[in-house]
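All of these numbers come straight from a predicted model, not from anything done at the bench. Every number for a ligand or one of its atoms is a count from 1 in the order of the listing.
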Amino acid sequence: MTTTIHTTWDRDSILVGGDWIPVTDCTEVHDPATESVIGRSASAGIAHVDAAVAAARSAGTAWGTSSPEDRAEILDALCTQLRARRQLLVDTTVAEVGAPVTVAEEAHIDLGIEILASYARLARDLPFRERLGRTLLLRRPAGVVACITPWNYPFYQLAAKVGAALAAGCTTVVKPAELTPLSTYLFADAAIDAGLPAGVLNLVPGSGRTVGAALTAHPGVDVVSFTGSTAVGRGVAHAAAESLTRACLELGGKSASVVLGDAPLPAAVTATVDAAMLNSGQTCSAWTRLLVPRTRYEDAVELAAGHAGTLRVGDPRDRATQLGPVISAAQRRSIAEAVDAAVAGGARLAAGGSGMPADLETGHYLRPTVLADVGPHDPIVRDEIFGPVLVVLPHDGDDDAIRLANDSDYGLGGAVWSADPERALGVAARMDTGQVDINGAPFNPEAPFGGWKSSGLGRELGRFGVEEFTELTAVQR
Ligand code: TXE
C-alpha cells in the first residue's frame, strides 16, 4: 500500500474507471468564513455521467463477487489511508464548510472514519448467506449505487453511503455538493491508495440539476442514495420511480427535544441548545424545537437564551470557536429572513437575531438565536431553517408533549429528558421519528439513521445501511 497525499485544492479532473480525466469546466470553491476562493473542482457533464456509470457497471462483476473478507480488508485499508490524511481532511472541512476545527475533527472526520471502520466489521459479520428452513437466503449486492451528498457534512455523508455500498459489494458513482467537493477528492485519493479496484468508486462532481439529475434517472444505476433537501428528494423519488430504481432518501428535519416535568431543566436546555447550534445549526437531525413544561417555560427560555449568548461565534480555525459561518450568502439570507419573519409575526427574540455578530464583518455569520412565544403553526416552528435557530414551546404534560413533537411534517431525530428512564422510554416509543436520545445518550454509529414522513425513505448506518444496498435471492432446496 502506498500513500501519495495530494494537498492541492485545485482539482480539475473526474475519476472514471480508475483514471483521472481532466475536464474543461470547473467551478470555484469558496471559504464561507473569508468569502475568498480557496480552490477549484471539475464540473462534469452528462457524457461523463454515462462513462462513470459504465465503469461502475463493468467493475461490478468482480467486486460484487469478491468475498466479504476481501471487501473488509479494503475498507480497513481505506480507513488507514484516511487517517494518514486526517489533518488535511480537517483543514479542508474547515475551509470549505466553515466548520469550527474541533467540530471538523470530531463530528466530520473522526466520526466519518469510525463509520467506515464499522462497515469493515459488518462486512465480516453480516450473514450474506442465511438458512431459513429449507431456503438458503442470499443477500446480494444491488449493483451500482449513485451517492449524492450535501454540503453540511460532506465527508461524513460520503463515508456513510460509500462505506455501506462497498461492504454490500456494490460499486459507486459519487456526486458531491457543488459548494463542498474537496474532501470528496481526498476520499477518492485515499481509496486509490487503499487498493480499491478501478471503477468501484467513480467521482463526477457537478451541478445537481445536470449531474445529479442524470444520475438519478440513469438506467444503469440500481440505487440512488441521496441526502439533501426534501424538495429535491421528492424529485429524486419521482425520477427513480420511472425505472423503479430504489431511492434511499435522507432529507430534512425539525426534531423535538422533549423536557418532561421531572427533568433537570438546566442540563436538558443547555444540551438542546448545543445540539441545535452544532455545525452552525446545519445538521438534519438537530433538535430545533425545545418543548418544556408550561410551568417552567420562562425559566427554560431564560436558560436557553443565556446559554446561546455564551457560545463563541467566529473564526473556525480558532480552537475556542463554537460556531463558524453558515455555508453561503444565500443560506445566510434565507435563515435571516425566516428569523425576521418570525419576529414580525410576534415571536419574542430571546437571543441572537438576523444581524451579523458585532465584531465580524466578513463571512456568512449569524448569532445563535432563540425564539419564544411562537405557535405550533408558525413557519419558524414547522419549516427546517437549517441555521442556528431554536424555538421554545410550552407543553401541558407528557401526552401534550408527544402530540406537539409529532405535529410535524418531519420525523428524523429527537430527545426526551426525564429523571425516570422508564417514563422517558414510554414517551420516546410514541414519538414518530427515526431516532430518539434519552437524557443526552451518545450517538451510536451502528444504529439505523433515517426518517419518517418527509424526512425520507430507508435507513443509513450499521447493518440497516448495508441492507439498503442488497437484494435478496431465496434459493429453495
Ligand atoms: O440542497 P439540495 P441545498 C436542506 C436545508 C437547506 C436546503 C437547501 O434545509 O437549507 O436543503 O440546500 C444535489 N437531482 N438540506 O439547496 O439542492 C445537490 O447538487 C439530483 C438538508 O444545497 O437538496 C447536492 O449534491 N441531485 C440536508 C444535493 O443534491 C440534485 C443537507 C443536496 O442539495 C438535484 C443539505 C437534482 N435535481 C440541505 N438538485 C440534510 N438532510 O442534511 C440538487 N441536487
Side-chain angles (χ1 to χ4, degrees), residues 27 29 32 41 43-44 46 49 96-97 99 107-108 146-158 160-161 173-184 203-218 221 224-242 245 247-255 278-286 288 326-339 364 366 379-380 382-389 409-413 434-435 449-451 453-460:
T27 51
V29 183
S41 156
S43 191
I46 305 285
V49 172
E96 67 178 350
V97 180
H108 289 254
C147 302
I148 302 177
T149 53
W151 42 260
N152 58 335
Y153 289 93
F155 177 82
Y156 165 95
Q157 299 285 359
L158 184 69
K161 292 180 191 313
V173 180
V174 170
K175 192 210 85 68
E178 298 90 312
L179 297 172
T180 56
L182 299 174
S183 61
T184 304
L203 169 58
V204 280
S207 88
R209 248 174 280 149
T210 51
V211 176
L215 275 172
T216 303
H218 204 290
V221 169
V224 179
S225 179
F226 170 86
T227 299
S229 60
T230 296
V232 173
R234 275 204 185 91
V236 168
H238 270 127
E242 265 311 298
T245 299
C248 304
L249 307 173
E250 207 268 89
L251 310 175
K254 191 78 187 184
S255 300
L278 177 69
N279 210 38
S280 301
Q282 304 165 118
T283 304
C284 48
S285 56
T288 47
V326 297
I327 190 73
S328 64
Q331 190 68 16
R332 194 196 176 287
R333 201 175 317 115
S334 115
I335 299 162
E337 283 172 5
V339 170
H364 312 304
L366 280 154
I380 198 83
R382 304 205 71 83
D383 299 344
E384 182 180 55
I385 307 301
F386 229 58
V389 181
D409 296 334
Y410 296 108
L412 190 55
Q435 268 195 5
F449 184 90
K453 302 184 269 184
S454 296
S455 289
L457 292 174
R459 291 293 181 272
E460 294 196 298

Please report which non-hydrogen protein atom sits nearest to [atom], along with the residue it belongs to and the distance in Å to one decimal place.
atom	result
atom 33 (O) of ligand 1	Gly228 CA, 4.6 Å
atom 29 (O) of ligand 1	Phe226 CE1, 3.1 Å
atom 37 (N) of ligand 1	Gly208 O, 3.8 Å
atom 24 (C) of ligand 1	Thr149 O, 3.5 Å
atom 31 (C) of ligand 1	Pro150 CB, 3.4 Å
atom 26 (N) of ligand 1	Gly212 CA, 3.7 Å
atom 22 (O) of ligand 1	Trp151 NE1, 2.6 Å
atom 7 (C) of ligand 1	Ser229 CB, 3.9 Å

With heavy atoms of [X] as the reference, note each atom of ligand 1 found under 4.0 Å away.
X	answer
Glu178	18 (C), 19 (O)
Val232	17 (O), 23 (O), 30 (C), 34 (C), 36 (C), 39 (N), 43 (C), 44 (N)
Glu250	41 (N)
Ala213	14 (N), 20 (C)
Thr216	20 (C)
Gln331	6 (C), 10 (O)
Glu384	4 (C), 5 (C), 9 (O), 21 (C)
Lys175	18 (C), 19 (O), 25 (O)

Give a yes or no answer on whether the side chain of [X] reaches the backbone of [Y] with a donor-acceptor pair at less than 3.5 Å.
X	Y	value
Asn279	Asn152	yes
Ser285	Gly413	no
Lys254	Ile380	yes
Glu96	Leu182	yes
Thr216	Val236	no

Pairwise side-chain contact, [X] with [Y], heavy-atom cut-off 4.5 Å (strictly under):
X	Y	answer
His364	Ser280	no
Thr149	Thr227	no
Lys453	Tyr410	no
Leu179	Val29	no
Arg459	Glu250	no

Legend entry - ligand 1 to Ser207 polar contact by distance, N or O atoms, under 3.5 Å: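 Looking only at distances, the answer is no, because the N/O contact criterion of under 3.5 Å is not met.
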
Inset, instruction - Examine Leu251 against ligand 1 and note whether any of their N/O atoms are separated by less than 3.5 Å. - result: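 Yes, there is a polar N/O contact under 3.5 Å.
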
Legend entry - Aromatic centroids of Phe386 and Trp151 separated by under 6.0 Å: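 For Trp151 and Phe386, the ring centres are under 6.0 Å apart.
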
Legend entry - ligand 1 contact by Tyr153, heavy-atom criterion under 4.0 angstrom: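 The answer is no: ligand 1 sits nowhere under 4.0 Å from a heavy atom of Tyr153.
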
For ligand 1, is any non-hydrogen atom under 4.0 Å from [X]'s backbone (N, CA, C, O), its side chain (CB onward), both, or neither?
X	value
Thr227	both
Gln282	neither
Ile385	neither

Legend entry - Spatial distance of atom OG (Ser454) from atom CD (Glu384) [nearest 0.5 Å]: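 Atom-to-atom, Ser454:OG and Glu384:CD are 10.5 Å apart.
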
Legend entry - Steps toward side-chain hydrogen bond (donor to acceptor under 3.5 Å, both in side chains) verdict (Tyr153, Thr283): CA-CA 8 Å; Tyr153 289 93; Thr283 304; 2.7 Å; yes

